[in-house]
Amino acid sequence: MRRRVLLAAAVLCLVAPGLLSAAPWEFDPAHTGVHFKVRHLMISSVRGEFEKVSGKIVYDEADVTKSSADITIDAASVNTRVTKRDEDLRSPNFLDVAKYPAITFRSKRVEKGGNGMLKMTGDLTIHGVTKEVVLNVEGPTPAIKDPWGNFRVGGQATTKISRKDFGLVWNEAMETGGVVVGDEVEITIDVEIYKKPA
């Protein structure tokens, strides 16, 4: 009986470090940002962000291709630093946040790309329209220990979409040619996750 107890204790000692290192990573919305850029009058670019982001990131340290992302963005939190423009973006002309309050991204698979990059494929829903998009992911970074003893990992994802694909079709033609708002939207997502020490 004593031999069995000692054997069980020895096995627990060997397995315990692996169990402790398997602590879940938590999504840090305070250090996560969703930014976008779109052409204005075909001569410059307008940049903006969404200030309220929530979600869940599953980060598999052993096999990063088994990781996943489930992100929800508060569409009304759009901020381009111009009040009237932000009100227009929230209106039925664009995001129609009263009818479509959330923008979501749900990953479906992660694959290794070139130069240490990852490709995360998933469903992006904007304005009630869902399209498959591919995020080019730089990272994840090596884990670091923050001043409070937590471990942190970061990454950046980028993609380009056509706003018209999501039903955001408002525009105005200019007398000199071209349009007021460009079709292509560049999106950058900076993500930070953390876990408490075992």
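No experiment lies behind these values; they were computed from the predicted model shown. Hydrogens, waters and symmetry mates are skipped; everything else that's a heavy atom, side chains included, is used.
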Checklist entry - Got I126 and I161 here, is their nearest side-chain heavy-atom distance under 4.5 Å? => result yes
Side chain to side chain, V110 and M120, heavy atoms closer than 4.5 Å: yes
For A75 and L95 the tightest heavy-atom approach is O-CD1, 4.0 Å
In terms of side-chain geometry, is the basic nitrogen of D165 or K131 positioned less than 4.0 Å from the acidic oxygen of its partner? no
message = Under 4.0 Å between a side-chain nitrogen and a carboxylate oxygen: does that hold for R106 and D123?
response = no
Is there a path of hydrophobic side-chain contacts, each under 4.5 Å between heavy atoms, that joins I144 and I57? no
Q. Should the pair K108-E132 be classified as a salt bridge under the 4.0 Å nitrogen-to-oxygen rule?
A. yes
Q.
I'd like to know whether I193 forms a side chain to side chain contact (heavy atoms under 4.5 Å, CB included) with R152, so could you lay out the CA-CA distance, the side-chain angles of the two residues, the decisive distance to 0.1 Å, and finally the verdict.
A. CA-CA 6 Å; I193 57 175; R152 290 184 178 267; over 6 Å; no
Using side chain to side chain contact (heavy atoms under 4.5 Å, CB included), reason through T80 and F36 one step at a time and then give a plain yes or no.
CA-CA 9 Å; T80 65; F36 61 88; 3.8 Å; yes
Quiz item: Any link between F50 and V133 through a network of hydrophobic side chains (Ile, Leu, Val, Met, Phe, Trp, Tyr) touching at under 4.5 Å?
Solution: yes
When rounded to the nearest 0.5 Å, the distance separating CD of Q156 from CG of L135 is 11.0 Å
Hey, mind stepping through E61 and W25 against side chain to side chain contact (heavy atoms under 4.5 Å, CB included) and telling me if it holds?
CA-CA 10 Å; E61 299 166 80; W25 291 86; 3.2 Å; yes
>> Check whether S67 reaches the backbone of D60 with its side chain - one donor and one acceptor, N or O, closer than 3.5 Å.
In response: yes
Interatomic distance, CZ@R85 vs CG@L89, rounded to 0.5 Å, equals 7.5 Å
Practice problem: Give a yes or no on whether L124 and V129 share a hydrophobic cluster (residues Ile, Leu, Val, Met, Phe, Trp, Tyr; joining criterion: side-chain heavy atoms under 4.5 Å apart). | Solution: yes
Could you walk me through whether H35 and R47 pass side chain to side chain contact (heavy atoms under 4.5 Å, CB included), step by step?
CA-CA 7 Å; H35 314 276; R47 298 173 186 268; over 6 Å; no
Q | Hphob cluster co-occupancy, Y194 + V191, side-chain heavy atoms under 4.5 angstrom | A | no
Please determine whether a side-chain nitrogen of the Lys or Arg among R81 and D86 lies less than 4.0 Å from a carboxylate oxygen of the Asp or Glu. no
Under a 4.5 Å cut-off applied to non-hydrogen side-chain atoms, are D146 and F151 in contact?
-> no
Side chains of S162 and D183: donor-acceptor distance under 3.5 Å anywhere? yes
For P140 and V64, the nearest pair of non-hydrogen atoms, with its separation, is CD-CG2, 4.0 Å
Rounded to the nearest 0.5 angstrom, the CG-NZ distance for N136 and K160 is 10.0 Å
ask   = Less than 4.5 Å apart, any side-chain heavy atom of T125 and any of Y100?
value = no
When every non-hydrogen atom of R163 is compared with those of G182, the smallest separation belongs to NE-O, 2.7 Å
When rounded to the nearest 0.5 Å, the distance separating CZ of R109 from CG of L118 is 13.5 Å
### Query
Are side-chain heavy atoms of F105 and I73 found at a separation under 4.5 Å?
no
In this structure, OG1 of T65 is separated from NZ of K112 (nearest 0.5 Å) by 6.5 Å
Quick test of your reading of the model: are E26 and K195 salt-bridged, counting only N-O distances below 4.0 Å?
no
**Prompt:** Mind checking whether D96 and H127 have side chains closer than 4.5 Å, heavy atoms only?
**Reply:** yes
4.5 Å side-chain heavy-atom contact, P29 and S54
no
For A157 and V137 the tightest heavy-atom approach is CB-CG2, 4.1 Å
Output for pair (I189 CD1, I71 CD1), nearest 0.5 Å, gives 7.0 Å
Worksheet entry | Side chain T72, main chain T104, donor-acceptor under 3.5 Å | no
Side-chain heavy-atom pair D74, P101 within 4.5 angstrom cut-off
no
